[in-house]
Amino acid sequence: MKVPTVKGKAKNVGNSCNPLQVWECLFTEDMITEIVVHTNEKISSYRANFSDTTRTELRDTNAVELRALFGFLYYTAVFKSNHKSLESMFATDSTGRDVFRAILSVRRTYILIYCLRFDDFATRATRKEIDPCAAVSYIFHNMVENSHPCYNICSYACVAEMLVGFRGHCKFRVYMASKLESEETCEKSKRKRCALCPHSKEKKTNQYCVSCDRPVCQACRSVTCRECGE
């Protein structure tokens, strides 16, 4: 059985690489530049709403600051602060976190998140006629294309469904009533009867034990067969 492994440039970075080198295998400099250009376009239009356009938090952004914003978003997930307000995260009364204030100011963070754009808004309406995901499709497709040369997935991988909270409106399907079946990415022809179930059950599965390569169904995944050891 083929085990999932990294390959290509992801493998070439070696074991002594830093997290940024790994991240750049998927999120390239071209993608960062694309986001910076369109974010600055939105900041420029947003800046026109203020009488004092020279305020520090209204300046254009760059690649370094954008990476800092992404780092801030990663930290909000690490600290499980995704649903907290920016004011509470940047609070100085010991209830906030110092690392957030060390990255960006609360006003600058608010403006960057508000103005963050991944495509050209001027042409979005035209592109949405054929692509409902026009606002993020460029970044999404590039992420997928960058992932293929970096990761070698085996034929027994299982795709799980994750429902993400969303309060907007979407033209395409955003919810699937049934869980995604592993057959969508696995080879359907390799479905075999579970080696650990009684013969009367006749359960068939396309999941295999990583040690002995025997077919194992969902109900028996926690059972260790005698040949695999204890």
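Any value given below was found using the heavy atoms of this structure, including those in side chains, with hydrogens, waters and symmetry copies removed.
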Handout entry: Smallest separation among heavy atoms of Asp119 and Arg127, with atom names
Key = OD2-NH2, 2.6 Å
Exercise for the section: Flag the pair Val106 / Tyr110 as yes when at least one side-chain heavy-atom distance between them is below 4.5 Å, and no otherwise. Expected result: no
Handout entry: Partner of Thr39 under side-chain contact (heavy atoms from CB on, under 4.5 Å), chosen from Asn62, Leu116, Leu69, Asp60
Key = Leu116
Problem - Minimum heavy-atom distance between Glu34 and Tyr138, given as atom pair plus value - result: CG-CE2, 3.5 Å
Exercise for the section: Specify whether Phe50 and Tyr46 have parallel, tilted or perpendicular ring planes, treating 30° as the upper limit for parallel and 60° as the lower limit for perpendicular. Expected result: perpendicular
Problem - Pair Thr95-Asp93, side-chain donor/acceptor within less than 3.5 Å - result: yes
Handout entry: Phe79 six-ring face occupied by Arg97 cation (under 6.0 Å, within 45°)
Key = yes
Practice task
Treat each ILVMFWY residue as a node, draw an edge where side-chain heavy atoms are under 4.5 Å apart, and state whether Val78 and Trp23 are in one component.
Solution key: yes
Problem - Close side-chain approach of Asp120 to Glu41, heavy-atom, < 4.5 Å - result: yes
Problem - Whether over 12 other heavy atoms sit under 6.0 Å from Arg107 CZ - result: no
Exercise for the section: Indicate yes or no: at least one non-hydrogen side-chain atom of Lys9 is less than 4.5 angstrom from one of Cys150. Expected result: yes
Practice task
Check whether more than 12 heavy atoms from other residues, nucleotides or ligands sit under 6.0 Å from atom NZ of Lys11, and answer yes or no.
Solution key: no
Handout entry: Residues Arg67, Glu24: salt bridge by 4.0 Å N-O rule
Key = yes
Handout entry: Same apolar cluster: Met143 and Tyr151, side chain cutoff 4.5 Å
Key = no
Problem - Single-linkage hydrophobic cluster, 4.5 Å side-chain cutoff, Tyr114 and Ile111 together - result: yes
Practice task
Treat each ILVMFWY residue as a node, draw an edge where side-chain heavy atoms are under 4.5 Å apart, and state whether Ile43 and Leu73 are in one component.
Solution key: yes
Practice task
Report, as yes or no, whether the 6.0 Å neighbourhood of atom OH on Tyr75 holds more than 12 heavy atoms from other residues, nucleotides or ligands.
Solution key: no
Handout entry: Verdict with supporting geometry, Met31 and Asn146, side chain to side chain contact (heavy atoms under 4.5 Å, CB included)
Key = CA-CA 11 Å; Met31 298 166 65; Asn146 293 337; 3.5 Å; yes
Problem - Cluster check Val64, Phe72: I/L/V/M/F/W/Y, side chain < 4.5 angstrom - result: no
Exercise for the section: Starting from the C-alpha separation in whole Å, work towards a yes-or-no answer on side chain to side chain contact (heavy atoms under 4.5 Å, CB included) for Thr61 and Arg108. Expected result: CA-CA 10 Å; Thr61 188; Arg108 183 59 174 171; 3.7 Å; yes
Fill in the blank from the handout: In short, Ser88 meets Lys84 closest at the heavy-atom pair OG-CB, 3.5 Å
